[in-house]
Amino acid sequence: TEKAKVTVHYNMEGQTVTVQSKEGENLLDIAIENDLDIDGFGACEGTLACSTCHLIFEQPIYDQLEEPTDEELDMLDLAFGLTDTSRLGCQVCVTKALDGLTVKVPEGVADARDV
Ligand code: FES
């Protein structure tokens, strides 16, 4: 059966880019597939080793996400500009329930591998 389509809005540097994805894809892969030009984003290619895929969610969306793993939380601690609704994009898969979500790309990135 066809996977449900999910619309995602990426807010970067005050501009919003709207892309289409499919249920089950993660927010790093979606950004890459759509050639979103985010400086340094996804440096470790989703292997939970960098924190450059840091994204900020709106509270109601954040509350719907599955709990982050300890590994994600450890890496997230190293992200630049961490907020209460921050997650790592490579660890968050979209679902139909999240359709139309907006994620904010932080102004800067910190690559944990450089620390
Ligand atoms: Fe490196 Fe997500 S891409 S932790």
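Note that ligands are numbered from 1 as they come in the structure, with each ligand's atoms numbered from 1 the same way. As a basis for the values below, the full set of heavy atoms in this structure was taken, side chains included, without hydrogen atoms, waters or symmetry mates.
Residues Leu82 and Ser86 approach most closely at CD1-CB, 3.6 Å, considering heavy atoms. Contact between Cys50 and Met75 at its shortest, heavy atoms only, is N-SD, 3.7 Å.
Look at Thr52 and you'll find every heavy atom at least 4.0 Å from all atoms of ligand 1.
Taking backbone and side chain together, Cys44 holds no N, O or S atom under 2.8 Å from atom 2 (Fe) of ligand 1. For atom 2 (Fe) of ligand 1, the N/O/S atoms of Cys90 include one lying under 2.8 Å.
Closest to atom 3 (S) of ligand 1, if we only count protein heavy atoms, is Gly46 N, 3.3 Å.
Between the side chain of Thr52 and the backbone N or O of Gly40 there is at least one donor-acceptor pair closer than 3.5 Å.
Nearest to atom 2 (Fe) of ligand 1 by heavy atom, out of Ala31, Gly42, Cys53, Ala79, is Cys53.
In summary, the atoms of ligand 1 found under 4.0 Å from a heavy atom of Ala49, numbered by their order in the structure, are 4 (S). Ligand-side atoms of ligand 1 in range of Ser51: 1 (Fe), 4 (S), range being under 4.0 angstrom from any heavy atom.
Donor-acceptor pairing under 3.5 Å is recorded for the side chains of Thr7 and Gln20. Side chains of Asp63 and Gln59: a donor on one and an acceptor on the other come within 3.5 Å.
At a heavy-atom cutoff of 4.0 Å, ligand 1 is contacted by the side chain of Leu28 but not by its backbone.
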